[in-house]
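Data first, discussion second: the structure below is written as structure tokens.
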Amino acid sequence: MKCIIRVVPIWIAGIIYSIVLNLMQTYGVFQAIQADRRLGNTRFKIPAASYTIFQMLSLTAWIPIYDRIIVPYLRKITKKEAGITVLQKMGVGMVIAVATMVVSALVENWRRTVALTKPTIGVVAQKGDISSLSAFWLAPQMALAGLSEAFTVIAEVEFFYKQFPESMRSFGGSFLFCGVAICSYFSSFMISIVHK
């Protein structure tokens with residue numbers, strides 16, 4: 001019981017963080033639907049949900065860079081085995097999540113401005129229907145989200161494993177996934193409120 005009480009504040013912070021990521025993925029797909037998804041000058045359109053690949057690529061690329069290059073450098077500075085503490089890693093990830101939302105807001109503002117001022121490229125459409133801005137402008141926000149996830153989610157798993165005794169490690173590990181499940185309900189609730 002002491003272990004559970006001790007991790008609740010971090011668990012709640014993780015839920016709030018997960019809401020940000022969940023909403024960004026949902027609206028990232030919506031942004032892609034409302035942008036020009038054509039590949040170059042062809043008629044082929046990239047599926048809107050496929051733009052989340054930039055998040056996965058960023059996450060996948062950052063983990064070995066962090067482990068092999070950044071951690072050894074941080075070890076020399078901080079004299080700690082992991083370079084920085086688990087809570088510092090979470091903090092860095094959450095700051096990057098804020099930057100992700102700022103970039104997302106700027107791109108969305110630009111996409112809307114372009115949609116309202118320039119007619120859609122390609123098919124006959126009304127002015128302001130779909131933005132002629134390339135959906136590839138969503139890549140920076142998706143890449144930042146992957147970078148944020150690399151810091152925060154990995155640090156959360158590490159934190160929960162360290163806070164529980166060995167006999168309860170699987171229980172500790174389930175905290176992250178329970179938090180993600182709760183965040184899905186909260187983000188659906190927030191989307192419903194915005195729509196109403």
Side-chain angles (χ1 to χ4, degrees), residues 14-66 92-157 176-196:
I15 290 172
I16 294 167
Y17 167 80
S18 295
I19 290 171
V20 170
L21 269 189
N22 197 326
L23 288 172
M24 204 220 61
Q25 287 175 342
T26 302
Y27 283 108
V29 172
F30 181 71
Q31 284 176 298
I33 289 170
Q34 299 295 319
D36 181 15
R37 294 178 286 128
R38 290 177 306 138
L39 187 61
N41 290 328
T42 65
R43 294 180 63 185
F44 178 76
K45 283 189 177 182
I46 298 170
S50 296
Y51 286 91
T52 58
I53 191 73
F54 292 109
Q55 182 173 349
M56 292 176 230
L57 289 172
S58 172
L59 173 67
T60 305
W62 178 252
I63 292 171
I65 291 170
Y66 180 77
V92 169
M94 290 185 184
V95 168
I96 294 171
V98 171
T100 301
M101 297 313 286
V102 169
V103 170
S104 179
L106 292 171
V107 169
E108 175 59 12
N109 186 41
W110 186 21
R111 186 203 63 75
R112 283 191 44 132
T113 302
V114 170
L116 295 172
T117 57
K118 296 180 183 175
T120 307
I121 296 173
V123 194
V124 177
Q126 296 177 0
K127 185 177 180 183
D129 185 21
I130 300 284
S131 178
S132 59
L133 183 70
S134 172
F136 281 106
W137 281 102
L138 300 175
Q141 74 190 42
M142 295 294 183
L144 277 174
L147 186 61
S148 171
E149 198 173 357
F151 275 102
T152 308
V153 175
I154 291 171
E156 278 185 82
V157 170
L176 173 71
F177 300 106
C178 289
V180 170
I182 290 170
C183 108
S184 295
Y185 286 111
F186 276 129
S187 59
S188 296
F189 177 67
M190 288 174 72
I191 290 170
S192 300
I193 289 172
V194 169
H195 280 295
K196 285 184 181 177

Taking every non-hydrogen atom, the tightest pair across Pro140 and Val103: CB-CG1, 4.4 Å
First locate atom CD1 of Ile193, then atom NZ of Lys196, and finally report the distance between them rounded to the nearest 0.5 Å. 8.5 Å
Working for side chain to side chain contact (heavy atoms under 4.5 Å, CB included), residues Gln25 and Met142: CA-CA 8 Å; Gln25 287 175 342; Met142 295 294 183; 5.6 Å; no
Of all residues at least two apart in sequence or in a different chain, which pass the side-chain hydrogen bond (donor to acceptor under 3.5 Å, both in side chains) check with Gln31? Glu108, Gln141
How would you list, by chain and number, every residue that makes a side-chain hydrogen bond (donor to acceptor under 3.5 Å, both in side chains) with Ser18, sequence neighbours excluded? none
Apply side-chain contact (heavy atoms from CB on, under 4.5 Å) to Thr26 and list each qualifying residue two or more places apart in sequence or on a separate chain. Asn22, Ile191
Considering non-hydrogen atoms only, spot the tightest contact between Leu144 and Ile96 and give its length. O-CG2, 3.4 Å
Supply the atom-to-atom distance Ile19 CD1 to Ile182 CD1, rounded to the nearest 0.5 angstrom. 9.5 Å
Scanning both residues in full, the closest heavy-atom pair of Val114 with Leu133 reads CG1-N, 3.8 Å
Hey, can you tell me if Trp62 and Tyr66 have their rings parallel, tilted or perpendicular (30° and 60° cut-offs)? tilted
Checking Tyr17 now: which residues fulfil side-chain hydrogen bond (donor to acceptor under 3.5 Å, both in side chains) with it, not counting sequence neighbours? Ser148
Side chain Ser58, main chain Gln55, donor-acceptor under 3.5 Å: no
Once rounded to the nearest 0.5 Å, what's the spacing between atom CZ of Arg111 and atom OG of Ser132? 10.5 Å
First locate atom OG of Ser187, then atom CG of Leu21, and finally report the distance between them rounded to the nearest 0.5 Å. 10.5 Å
With Thr60 via side-chain hydrogen bond (donor to acceptor under 3.5 Å, both in side chains) - residues at least two apart: none
Output the distance between atom CG (Leu147) and atom OG1 (Thr100), rounded to the nearest 0.5 Å. 7.5 Å
Could you check whether atom CZ of Phe186 has more than 12 heavy atoms from other residues, nucleotides or ligands sitting under 6.0 Å from it? no
Can you name the ring-ring contact (aromatic ring centres under 6.0 Å, His included) partners of Tyr51, sequence neighbours left out? Phe136
Heavy-atom distance under 4.5 Å between the side chains of Thr152 and Glu156, does that happen here? yes
Would you check if the side chain of Arg37 reaches a backbone N or O of Lys45 as a donor-acceptor pair within less than 3.5 Å? no
Could you tell me the separation between the CE atom of Met24 and the CG atom of Leu138, rounded to the nearest 0.5 Å? 9.0 Å
Is it the case that the side chain of Thr42 and the backbone of Arg38 share a donor-acceptor pair, with hydrogens and angles ignored and the cut-off at 3.5 Å? no
